Amino acid sequence: AMMHRDAGEKLLKTFQEQHASSTPSEISVTLQSLCQYFSDAADYFFLADCYRQSEQCLKQARLVSLQLEFLRKQPIEIILNL
């Protein structure tokens, strides 16, 4: 679970630094990967009875999926820097 969460956090940091130079399709792939990392981490934390960490990862996955919804609108609004 920690490996998935850490990988998601590293990818999120990289995304925040480089999203301005990315195409919408690259952004979409990155966001889908982020969502998968945080969802997997939430599942594994839940199975390990680490409910608080599971909830934090689930919240992050929901924010990423919200960003995916905003990606479909023009102009693209990036909200993950909040």
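Only a predicted model underlies this, so the values are computations on that prediction, with no experimental measurement involved.
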Engineer: Spell out, yes or no, whether Leu58 and Leu63 are grouped together once hydrophobic residues are joined by side-chain heavy atoms under 4.5 Å, including indirect joins.
Structural biologist: no

Engineer: With rounding to the nearest 0.5 angstrom, report the CD to OG distance, Gln32 to Ser39.
Structural biologist: 11.5 Å

Engineer: Applying salt bridge (charged side-chain N to carboxylate O under 4.0 Å, His left out), which residue pairs with at least one partner in residues 23-46 are found, sequence neighbours left out?
Structural biologist: none

Engineer: About how many Å separate CG of Leu71 and OG1 of Thr30, when rounded to the nearest 0.5 Å?
Structural biologist: 10.0 Å

Engineer: Run the side chain to side chain contact (heavy atoms under 4.5 Å, CB included) test on Leu31 and Phe15 for me, step by step, so that the C-alpha distance in whole Å, both residues' side-chain angles and the decisive distance to 0.1 Å come before the verdict.
Structural biologist: CA-CA 9 Å; Leu31 291 174; Phe15 172 76; 4.1 Å; yes

Engineer: Nearest 0.5 Å, what's the NZ-CD distance between Lys13 and Glu9?
Structural biologist: 10.5 Å

Engineer: Would you check if the side chain of Ser33 reaches a backbone N or O of Val29 as a donor-acceptor pair within less than 3.5 Å?
Structural biologist: yes

Engineer: Quick one: do Glu55 and Lys59 make a salt bridge, cutoff under 4.0 Å?
Structural biologist: yes

Engineer: Hey, are the side chains of Arg5 and Gln53 touching, using non-hydrogen atoms and a 4.5 Å cut-off?
Structural biologist: yes

Engineer: Within a strict 4.5 Å, meaning less than it, do heavy atoms of the Met3 and Tyr44 side chains meet?
Structural biologist: no

Engineer: So, Ser28 side chain and Pro24 main chain: donor-acceptor pair closer than 3.5 Å or not?
Structural biologist: no

Engineer: To the closest 0.5 Å, what do you measure between CD (Gln36) and NE2 (His4)?
Structural biologist: 8.5 Å

Engineer: Of the non-hydrogen atoms in Ala41 and Ala1, which two are nearest, and what is the gap between them?
Structural biologist: CB-O, 3.6 Å

Engineer: When you compare the side chain of Gln56 with that of Phe45, does any pair of heavy atoms fall below 4.5 Å?
Structural biologist: no

Engineer: Could you tell me the separation between the SG atom of Cys35 and the CZ atom of Arg62, rounded to the nearest 0.5 Å?
Structural biologist: 10.5 Å

Engineer: Are Phe38 and Phe46 connected, step by step, through hydrophobic side chains (Ile, Leu, Val, Met, Phe, Trp, Tyr) whose heavy atoms are closer than 4.5 Å?
Structural biologist: no

Engineer: Which heavy atom of Tyr37 sits nearest to which heavy atom of Ala7, and what is that distance?
Structural biologist: CE2-CB, 3.8 Å

Engineer: Quick one: pull up CG in Leu34 and CD in Gln60 and give me the separation to the nearest 0.5 Å.
Structural biologist: 8.0 Å

